[in-house]
2 protein chains.
Amino acid sequence: MPKPSPPKRATVHDVAAAAGVSRGTVNRVLNGGYVSATARTAIEAAIAKVGYVPNTAARNLVRRRSQAIGFLAMEPHSLLLEDPNIGAIMLGANEVLSVADHQMVSLVVDSYRDTERVGRYLRGGFVDGAIIVSARAHDPITRLITQLRLPATFVGHPPDLHHSIPFVGIDNVGSARTITQRLLQTGRRRIGMIAAALDRDSGADRLTGFRQALGDRFDPSLVAEVPLYDYSNGVKGMRVLLDREPLLDGVFAASDAVAAGALEVLREAGRTVPGDVGIVGFDNSSWAMRTQPPLSTVHQPAREIGQNAAELVLNQVRGTEPAARSILLDTSVVWRDSA
Amino acid sequence: MPKPSPPKRATVHDVAAAAGVSRGTVNRVLNGGYVSATARTAIEAAIAKVGYVPNTAARNLVRRRSQAIGFLAMEPHSLLLEDPNIGAIMLGANEVLSVADHQMVSLVVDSYRDTERVGRYLRGGFVDGAIIVSARAHDPITRLITQLRLPATFVGHPPDLHHSIPFVGIDNVGSARTITQRLLQTGRRRIGMIAAALDRDSGADRLTGFRQALGDRFDPSLVAEVPLYDYSNGVKGMRVLLDREPLLDGVFAASDAVAAGALEVLREAGRTVPGDVGIVGFDNSSWAMRTQPPLSTVHQPAREIGQNAAELVLNQVRGTEPAARSILLDTSVVWRDSA
DNA sequence: TTGTACGCGTTATCAA
DNA sequence: TTGATAACGCGTACAA
């Protein structure tokens, strides 16, 4: 079987020939510059006629650009698909990047080996900038990026954010406070929290908001810490909570998936929701509407987060970045039946 | 703010200078060829010392390759994230592509405008090959790809598959037959199907399998057709079925999401599962374990599908494709409590 | 086994 | 306003 030959593509040279001008002039209509009206129309016709499309490789070579932005997800492979927001964030980022004719290359950093590989990639100049999702504290990748002075934006800030790098996110503290207050307003007295992912800003901030809302009534023994934002950790956390305080009548779960797991445990324990105990989640993911009863939760604009992150990087790449940096997007609370 | 200057990168020239040889020799150790042991070690040391990484743009320019494979999803944006398999398929494909040092560029084709844009992209030689997911009949993109003789692989075959293009998929007919038989074996007499996405091979084949399993007992009036594989269509389909045949005691839902919707309607109608009616799904997605009761369903190896698809394209790109073409992967049935 | 020189398709610089 | 020409970094004949 013969190696398929790449399709023949028209070049600037061909366009110039077809229009009866030099390559320089063609280039000026492509990339702006002084050019006479007659030449312009002739060239535009020629471009359409020969079906010219610029060759990215050649262009990038001379411009010393890759026209690519890295999307770094610092997350175990398995969790990538479970995360209800990451997909929408990627989609949002990809939207504005592709409009700006940039390629989004997604790199998941799971193991140490990944760190090395991605490090080489970044150093190699394969991307003009990076969007970093769910970075943890003291991340080697973060250090590398500041070292390289690579244009970048965080989605959610790592605890040790070097503020030369902007971020886009939501107010986790405020959102958590608001939704916890709802629990208080509906008369719950013994309120616990299943706190997940405390090594991330989102996790830590949600706990902070919970504590703020409770004020004097905050009781550390009613906080069950679990590592991840998922269903099975919701199950574990709820068991702990129920064990410590059988009279519990309110629960703030750090995510909808966690809440769904908690709900299952409550059902097994014979507690009714929202009768015996009220429960609220976070994310407004598809979980929230599937549970019985549906969850009251915090909606975060994941797609917009992605879009804003992409814009922030592109601004830096283009060198047209004024003073204003990080962006905090608004959340909204969705009331359903669980509390 | 100054435009961030791209990091200075070492070139073959630098390596040659550092090793005291010519660029040609350096090239030979990079891309294979005769080279003396002494020269090789000297050059390898030099490469490490100056931190040389090949420049993709330059390499692609001269090789006339893009080192990119398009991942085309012919699906509405909104459904992309809902589909339980597509994410895993992408991950699987990306895995083998990145090992082969190829970029995966994902292109979602939703509207007619997308078709045009993607068409330009393919014609422009921006990808060396393509993986196409959920193509429908008479797709203009498919036609373009055969025209261009672009190396490609389908995931699931479109009804009008031009057999010059290989595909990787599962045996939807056989899997559907098997799981429907289970319903029969457990003594169900009036079995209906909620058939979704009949304009796709997967949807049509599952209906075929259902019909085969039932044989003489097949009753067309017990098939509710719905357009999409999602929860809300499961709700609609189940209502139709219950309306047409109140004595129904078995249901094959075309996907787990559909089954979940159907389950909700059954609950509202006061039917117990699996007591009054047995129900089975398809996909073994996260839905299957979240429903009450958990679903019996067909597991399909989504990740492997992606891996195989990528390998099939790469083989064609490299021109090292023997005779064997399409691949059918095995499914397995997962028995839970719903039937 | 090694070195030299040309071409890949663009952009950018400089004269004209 | 336009045209010629030199990079950009690499692969590859061809000659040595």
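None of the values given here were measured: they were computed from a predicted structure. Computed from heavy atoms alone, side chains included, the values below leave out hydrogens, waters and symmetry copies. Numbers restart at 1 for each chain; the letters A, B, ... are given by sequence-line order, proteins then strands.
You'll find the side chain of Phe167(A) stays beyond 4.5 Å of the side chain of Leu312(A), heavy atoms only. Asn31(B) places a side-chain heavy atom less than 4.5 Å from the side chain of Arg59(B).
A close approach under 4.0 Å does not occur between any side-chain nitrogen or oxygen of Thr25(A) and OP1 or OP2 of dT1(D). Side-chain N/O atoms of Asn27(A) include one lying less than 4.0 angstrom from OP1 or OP2 on dT11(C). At the phosphate of dG3(C), OP1 or OP2 sits under 4.0 Å from a side-chain N or O atom of Ser22(B).
Nearest-nucleotide mapping onto DNA chain C: of Val62(B) and Gly20(B), the residue sitting toward the 5' end is Gly20(B). Nucleotides of DNA chain D nearest to Leu61(B) and Gly24(B) differ in position, and the one nearer the 5' end is that of Leu61(B).
Evaluation of atom-type donor-acceptor distances gives no pair under 3.5 Å for the side chain of Arg64(A) against the base of dG9(D).
Considering only side-chain atoms of Arg28(A), the nucleotide from dT10(C), dT2(C), dG3(D) that sits closest is dG3(D). If you check dT11(C), dT1(C), dT12(D) against the side chain of Arg23(A), the one that comes closest is dT11(C). Checking dT11(C), dG11(D), dA13(D) against every side-chain atom of Asn31(B), the shortest atom distance belongs to dG11(D). Which of dG3(D), dC10(D), dT1(D) sits closest to the side chain of Tyr34(A) comes down to dT1(D). Among the nucleotides dT10(C), dC10(D), dT2(D), the one closest to the side chain of Thr11(A) is dT10(C).
Taking atom CZ on Arg59(B) and atom P on dG9(C), their separation rounds to 18 Å, with Å as the unit. One can place NE2 of His13(A) at 14 Å from P of dG3(D), the figure rounded to the nearest angstrom. If you measure from atom CG of Asp14(A) to atom P of dC8(C), you get 11 Å, rounded to the nearest angstrom. Following rounding to the nearest Å, Leu30(B) (CG) and dG9(D) (P) show an atom-to-atom distance of 15 Å. One interatomic measurement links the two molecules: CD of Gln67(B) to P of dC10(D), which rounds to 15 Å at whole-angstrom precision. Distance CZ (Arg63(B)) to P (dG9(D)): 17 Å, rounded to an integer number of Å.
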Step-by-step side-chain hydrogen bond (donor to acceptor under 3.5 Å, both in side chains) determination, Ser66(A) to Asp128(A):
CA-CA 6 Å; Ser66(A) 66; Asp128(A) 300 332; 3.0 Å; yes
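Distance CD1/Ile69(A) to OG/Ser106(A): 13.0 Å, rounded to 0.5 Å. Between atom CD of residue Glu311(B) and atom CD1 of residue Ile327(B) there is a gap of 7.5 Å, rounded to the nearest 0.5 Å.
Residue contacts shown for Ala57(B) are absent, as no nucleic acid heavy atom lies under 4.0 Å away.
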